[in-house]
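Since the structure comes first, as structure tokens, the remarks are kept for the end.
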Amino acid sequence: MSHRAHLFSLRIAHAFREACVDERYTGGRFLKDLMAGVTVGIIAIPLAMALAIASGVAPQYGLYTAFIAGFVIALFGGSRYSISGPTAAFVVILYPIAQSYGLGGLLLATLMSGVLLVIMAVMRLGRFIEYIPESVTLGFTGGIAVVIATLQVKDFFGLSVETMPEHYWDKLAVLAQQLPALDSMSTLIAAITLAVMLLWPRLKTPVPPHLPAVIIGSLLAIWFNANGAAIETIGSRFSYLLPDGSTGAGIPPFLPEFAWPWQQLNAQGEPVGLSWNLVRELLPAAFAIAMLGAIESLLCAVVLDGMTGKRHSANSELMGQGIGNIVVPFFGGITATAAIARSAANYRAGAQSPVAAMVHALVVLLALVSLAGILAYLPMPAMAALLIMVAWNMSEAPKAVHLLKTAPRSDVLVFLTCFGLTVALDMVIAITTGVLLAAVLFMREMAQMTKVTDISDNKRVVQAGLPKGWRVFKINGPLFFAAADRVFGELADLSRETRGFVLYMDGVTVLDAGGLAALNKLIDQCRKNGTEIMIADLQFQPLRALARAGLKPEPRVSSFYPSLASALETLSARRSAPQMV
């Protein structure tokens, strides 16, 4: 096997091979995986359905995603404790796609995002996700949480809104207009469900709070509906076709069939088809899905590493996420990525390997084929309350508040920019703008750190006297394009007043192309002014940059010395032998 093929093979199924092949996988470990998988599978069932509904598709597609993508990603991924499936972060991207292009467009965009994730893995871009600042991550996740919570207002209060507008402010206006006509019974069920989720953790039981909350909400809805109320449930809102042509209520109690994504229906109820124009229209959304999927899955893996002391393989995780999102659209599943809350619950439940995530997928599958009739009784207000709680948890509000109180102004500006753009415009614009703004502000701060100091009179460094008209300048900090023009520009102005100067550059760690260009301008200016430059004590990277650029010493103009002492010795020798100067 070639070295390149070996590297490629390492990216696939890294976590599974490490936990189940390289390490001894015993019956005891399997029993722990089994218990953890059953626990997380039960947690995932209502969440998968609620997230599918929030994404604009029927709830069964969330279950398809949880058991198909959840199994495939666990098998091929790089994080041994991650649980993958539909997540709240994708709602703001998937919902507009579903509204404009239908299920077929959504599945096609998911397929394209999977291909992009595989390309990212092959190009070994996993570690580059770490360069996204926390202010950007907190900003867009907080914005996503606000949008998700806003979308749940309709079902939380039982409002009659046929279609939601595209823009956020228009959504708020429509909801505000309909709010006086809220349904009191629906609001009561949503409020009780939310209250149970908030209060249940105080009992300190191992049962996750959303399970009793949804059960209590469902029992209340059944009782209210039996007494004449009209509370919407999954069974009343969603339906499916049976093989004999009749219609069933809720979700279909059978496995999904293989179908080409482009044969699924668009928003007009016709096959979406496959064309270059459609691919081009969906490409920005697919790129956004891939980027968010990469960020979410790798962020989840990093969190789990901190909890467990293990290390994930970033590129293997991207590969697993890519394969999962390529496979799942062919069976009706929507976009999947690792879910931090479910993954943390998986580890706390005793998971030992990716087998736990596979068991979780099988539990969801079992629920689909055996509990579909019961799941049809889940009330929409309770699902809305569940998603509001999910939105609150993903917002990481305490961390955001701490950042606003303690972070530098530049980070606060980046956070508020990402947050505002995510809510008002688009998450892709928000992340792009946030990263660029963070980079520009960081470069400005780095440029301000680069200083030029006149040390001619510092006897600890310049022990011997300097020839008349000579000065010594020490440069500290990186000489990249944002700093070099200012630094060398100051020196160029001083070159008119000096016979020569020594540049002591042991504090310069980086010299980029912009720095080289600015240095060449300085040398040209010194040549015109008859000023000589002596450059001393270059570190390895600046020295290599100068060598690659072919910058050579020029008699009476520029010269290079391994240390400041050797440059000063040369000056001292010139002063004692003036005929050579």
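Since we're looking at a predicted model, the values are computed, not measured. Residue numbers run from 1 in the order of the sequence given.
Within 6.0 Å of the OH atom in Y377, the count of heavy atoms belonging to other residues, nucleotides or ligands does not exceed 12. Within a 6.0 Å sphere centred on NZ of K171, other residues, nucleotides and ligands contribute more than 12 heavy atoms.
One N or O on the side chain of Q152 and one on the backbone of I148 form a donor-acceptor pair closer than 3.5 Å. Judged purely by atom type and a 3.5 angstrom limit, T187 uses its side chain to pair as donor or acceptor with the backbone of D183. A donor-acceptor pair is defined here as one N or O able to donate and one able to accept, closer than 3.5 Å; no such pair exists between the side chain of D155 and the backbone of M380. The closest donor-acceptor contact from the side chain of R342 to the backbone of S82 lies at 3.5 Å or more, if one exists at all. Panel note: side chain S343, backbone I83; a donor-acceptor pair is recorded below 3.5 Å. Side-chain atoms of S316 never come within 3.5 Å of backbone atoms of S313 as a donor-acceptor pair (strictly under, hydrogens ignored). Side chain of W200 to main chain of V207: a donor-acceptor pair is present (N/O by atom type, distance under 3.5 Å, no hydrogens or angles). For S236 (side chain) and T233 (main-chain N/O), a donor-acceptor pair under 3.5 Å exists by modelled atom type. The closest donor-acceptor contact from the side chain of N325 to the backbone of S113 lies at 3.5 Å or more, if one exists at all. Not one N or O on the side chain of H14 forms a donor-acceptor pair closer than 3.5 Å with the backbone of G77.
No side-chain heavy atom of L274 sits under 4.5 Å from any side-chain heavy atom of Q263. Counting heavy atoms from C-beta outward, P379 and S218 have side chains that approach closer than 4.5 Å. The side-chain heavy atoms of T247 and Y240, taken from C-beta on, include no pair separated by under 4.5 Å. Between F254 and V369, every side-chain heavy-atom pair lies at or beyond the 4.5 Å cut-off. Using a 4.5 Å heavy-atom threshold, the side chains of P59 and L378 count as separate. For the pair R348 and M307, the minimum side-chain heavy-atom distance is below 4.5 Å. Side-chain contact between Y95 and V147 is absent, with no heavy atoms from C-beta onward closer than 4.5 Å. Using a 4.5 Å cut-off on side-chain heavy atoms (C-beta onward), I189 and F224 make contact.
When all heavy atoms of P212 and P208 are compared, the closest pair comes out as CD-O, 3.0 Å. Here the closest non-hydrogen pair linking A357 and H360 is O-ND1, 3.0 Å. The shortest non-hydrogen separation linking V272 to P261 is CG1-O, 3.9 Å.
Atoms CG and CG, on L368 and L63 in that order, are 5.5 Å from each other to the nearest 0.5 Å. Atom CG of residue L292 and atom OG of residue S297 lie 9.0 Å apart, to the nearest 0.5 angstrom. The distance from the CG atom of L107 to the CG atom of L265 is 10.0 Å, given to the nearest 0.5 Å. Between R17 atom CZ and F76 atom CZ the span is 11.0 Å, to the nearest 0.5 Å. For the atom pair OG (S370) and CG (L365), the distance works out to 9.0 Å, reported to the nearest 0.5 Å. Here OH of Y101 is found 7.0 Å from CG of L278. Values are rounded to the nearest 0.5 Å.
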Is there a side-chain contact (heavy atoms from CB on, under 4.5 Å) between M185 and N225 once you walk through the steps?
CA-CA 10 Å; M185 294 294 100; N225 283 338; over 6 Å; no
Please walk me through it: do V328 and I334 pass side-chain contact (heavy atoms from CB on, under 4.5 Å)?
CA-CA 7 Å; V328 75; I334 59 176; over 6 Å; no
Using side-chain hydrogen bond (donor to acceptor under 3.5 Å, both in side chains), reason through Q321 and S84 one step at a time and then give a plain yes or no.
CA-CA 8 Å; Q321 295 290 337; S84 295; 3.2 Å; yes
Stepwise side-chain contact (heavy atoms from CB on, under 4.5 Å) test for V91 and I144
CA-CA 8 Å; V91 168; I144 290 170; 5.8 Å; no
Checking side-chain contact (heavy atoms from CB on, under 4.5 Å) for the pair Y25/S353: CA distance, chi angles, key distance, verdict?
CA-CA 9 Å; Y25 193 71; S353 74; 3.5 Å; yes
For the pair F419 and F140, evaluate ring pair (Phe, Tyr, Trp, His ring centres under 6.0 Å) and give the outcome as yes or no after the intermediate values.
CA-CA 5 Å; F419 180 86; F140 78 75; over 10 Å; no
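Checked against M197 for a side-chain contact (heavy atoms from CB on, under 4.5 Å), the options I192, L386, L211, V390 give a single hit: L386.
For E18 and K310, the salt-bridge test fails: no basic side-chain N is under 4.0 Å from an acidic carboxylate O. At a threshold of 4.0 Å, the pair E317-R80 does not count as salt-bridged, since none of the basic side-chain nitrogens sits closer than that to a carboxylate oxygen.
With no hydrogens or angles considered, a side-chain donor-acceptor pair links T150 and Y168 at under 3.5 Å. No hydrogens or angles considered: nothing links the side chains of W262 and S275 as a donor-acceptor pair under 3.5 Å. Defined by atom type and a distance below 3.5 Å, a donor-acceptor pair is missing between the side-chain atoms of Y81 and D305. For the 3.5 Å distance criterion, the side chains of E232 and S186 fail to qualify, holding no donor opposite an acceptor. Judged by distance alone, the side chains of T337 and T87 never bring a donor and an acceptor atom under 3.5 Å apart.
In this structure, Y64 and Y61 have perpendicular ring planes: the angle between them is above 60°, well past the 30° mark.
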